[in-house]
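First comes the structure, then the notes that go with it.
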Amino acid sequence: MPELPEVETIRRGLSSLLIDKVIARAIVHDSPKSFPNDIASIEQFLYAAKVVAVRRRAKVLIIDLSSQYSLVVHLKMTGQLVYRGTEVFGGGHPTDSLIGELPDRSTRVTLTFSDGSHLFFNDQRKFGWMKLMPTIEIPNLDFMKKVGPEPLEDSFTAQEFIPRVRRRNNTSIKAALLDQTVFAGVGNIYADESLWGAGIHPAQKVREVSDEQLASLLHEVKYVMNLSIAKGGSTDRNYVNAEGKRGSYIDFARVFRREGLSCPRHPDVLVEKLKVAGRGTHICPVCQVIQ
DNA sequence: CACTTGACCTGTCCGC
DNA sequence: TGCGGACAGGTCAAGT
């Protein structure tokens with residue numbers, strides 16, 4: 001589900017909602033990939049631990065606890081982390097959250113804090129996971145060892161990007177963008193949006209894309225991701241932020257999920273949908289032509 | 001090694 | 001209405 005801008009939006013929300021909360025209880029409803037820890041370590045390192053920081057690396061969220069342990073969460077396709085406080089609502093709108101009463105049938109883990117508030121980990125498709133592990137061991141996860149740089153860091157320039165992406169010279173530029181070892185955080189939405197922005201066909205081989213085009217593509221990646229963060233992420237189907245609310249980037253999307261609608265640059269040309277790198281892919285057939 | 005494909009799951013949508 | 005199949009924003013294992 002969420003890509004870098006969605007995970008960053010959730011991180012910001014959780015950071016303001018969870019810091020200094022103390023975990024009192026955890027319930028794993030149905031999530032075989034979450035909490036393989038034994039009861040003793042849960043009691044020792046989760047219960048009574050205080051949230052000290054909420055970080056993000058790539059599409060992974062890290063909730064650091066005062067016990068020197070962390071909750072590490074990957075939302076994959078349909079995961080959500082939704083915080084509910086203890087407010088008691090009278091009549092009228094209980095909340096403008098997109099989702100209703102929690103826990104619901106997709107809730108995999110419920111964390112309860114000492115003030116009675118809750119954090120719900122929902123995941124319709126059960127691809128995601130939440131793990132409890134020593135904070136110091138996070139960098140040793142296979143994923144963390146392999147994942148590439150953060151693209152929104154100022155230090156990540158075309159000079160860094162070009163040699164990394166050229167390691168994938170024989171594959172399509174879209175597959176290379178989705179490859180988290182080249183750099184972190186792009187998924188299907190921002191791959192399509194940035195390729196449209198740079199005027200590159202997603203199926204173009206990396207070796208056939210010039211350095212100048214690659215520099216332009218990186219610029220577009222940064223642009224669409226920063227814009228999306230400013231809009232609170234993209235809600236196409238499942239994504240909601242920490243308060244259960246949708247993001248609005250999808251309203252600004254130029255090609256993603258816009259097949260049959262006009263290209264913003266060409267009112268008479270319709271966006272087409274095809275399959276590239278095994279993924280649904282959206283292009284303007286005039287802006288994006290195989291060279 | 002580089003690259004592609006299928007699997008992991010559940011829910012929804014579309015055509016018959 | 002019911003049913004089958006395709007598809008969904010991510011990643012990993014197994015295949016070529």
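Every chain is numbered from 1, with letters handed out A, B, ... down the list of sequences.
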Distance, P atom - from B:dA7 to C:dG5, rounded to whole angstrom:
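Going atom to atom, P in each nucleotide, I get 15 Å.
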
Can you tell me, in whole Å, how much space there is between the P of C:dA13 and that of B:dC9?
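These two P atoms come out 14 Å apart once rounded.
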
Gap between atoms [atom1] and [atom2], on [X] and [N] respectively (whole Å):
| X | N | atom1 | atom2 | value |
| --- | --- | --- | --- | --- |
| A:Glu3 | C:dT11 | CD | C1' | 13 Å |
| A:Ile189 | C:dC7 | CD1 | C1' | 15 Å |
| A:Arg279 | B:dA7 | CZ | P | 16 Å |
| A:Asp179 | B:dT5 | CG | P | 15 Å |
| A:Asp30 | B:dC9 | CG | P | 10 Å |
| A:Phe256 | C:dA8 | CZ | P | 8 Å |
| A:Leu75 | B:dC9 | CG | P | 18 Å |
| A:Asp123 | B:dG11 | CG | C1' | 12 Å |

Out of [options], which has the shortest distance to the side chain of [X]?
| X | options | answer |
| --- | --- | --- |
| A:Thr171 | C:dT11, B:dG11, B:dC3 | B:dC3 |
| A:Lys146 | C:dA8, C:dC12, C:dT11 | C:dC12 |
| A:Arg125 | B:dC9, B:dT4, C:dT11 | B:dC9 |
| A:Asn170 | B:dA2, C:dT11, B:dT4 | B:dA2 |

NA contact type, [X], heavy-atom cut-off 4.0 Å: base, sugar-phosphate, or nothing?
| X | value |
| --- | --- |
| A:Gly128 | nothing |
| A:Asn188 | sugar-phosphate |
| A:Tyr190 | nothing |
| A:Ser234 | base |
| A:Gly278 | nothing |

A:His219 atom NE2: more than 12 heavy-atom contacts under 6.0 Å:
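Open.
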
Under 4.0 Å between a side-chain N or O of [X] and OP1 or OP2 of [N]?
| X | N | value |
| --- | --- | --- |
| A:His74 | C:dT11 | yes |
| A:Gln180 | C:dG10 | no |
| A:Lys126 | B:dC8 | no |
| A:Thr78 | C:dA8 | no |
| A:Lys275 | B:dT5 | no |
| A:Arg168 | B:dC3 | yes |
| A:Lys76 | C:dT11 | no |

Determine whether A:Ile250 and A:Val186 fall in the same hydrophobic cluster, where Ile, Leu, Val, Met, Phe, Trp and Tyr are linked whenever their side-chain heavy atoms lie under 4.5 Å apart.
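Yes, A:Ile250 connects to A:Val186 through the hydrophobic network.
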
Taking the six-membered ring for Trp, are A:Tyr83 and A:Phe113 parallel (under 30°), tilted (30 to 60°) or perpendicular (over 60°)?
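Tilted: the ring planes of A:Tyr83 and A:Phe113 meet at 30° to 60°.
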
Between A:Lys76 and A:Asp123 (salt bridge meaning N to carboxylate O under 4.0 Å), is one present in this structure?
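Here A:Lys76 does not pair with A:Asp123 in a salt bridge, since their nearest N and O are not under 4.0 Å apart.
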
Would you mind pulling out the nucleotide paired to B:dC9, Watson-Crick or G-U wobble, both distances under 3.5 Å?
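The answer is none; no pair meets the criterion.
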
Just by distance, do the side chain of A:Arg164 and the backbone of A:Val182 share a donor-acceptor pair under 3.5 Å?
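It does hold such a pair.
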
With nearest nucleotides of DNA chain C determined for A:Asp142 and A:Gln124 from heavy-atom distances, which residue corresponds to the more 5′ nucleotide?
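Looking at DNA chain C, the more 5' nearest nucleotide goes with A:Gln124.
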
Looking at B:dC8 and A:Phe127: do their rings stack (centroid distance under 5.5 Å, interplanar angle under 30°)?
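The base of B:dC8 is stacked with A:Phe127 (centres under 5.5 Å, planes under 30°).
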
Please confirm whether A:Tyr190 and A:Tyr249 have ring centers closer than 6.0 angstrom.
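So the answer is yes for these two rings.
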
Under the 6.0 Å and 45° cation-pi test, does A:Arg108 pair with A:Trp129?
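No - A:Arg108 does not lie over the ring of A:Trp129 by the 6.0 Å and 45° rule.
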
Nearest heavy atom decides the nucleotide; on that basis, is A:Lys33 or A:Arg105 closer to the 5' end of DNA chain B?
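Looking at the nearest nucleotide for each, A:Lys33 comes out on the 5' side.
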
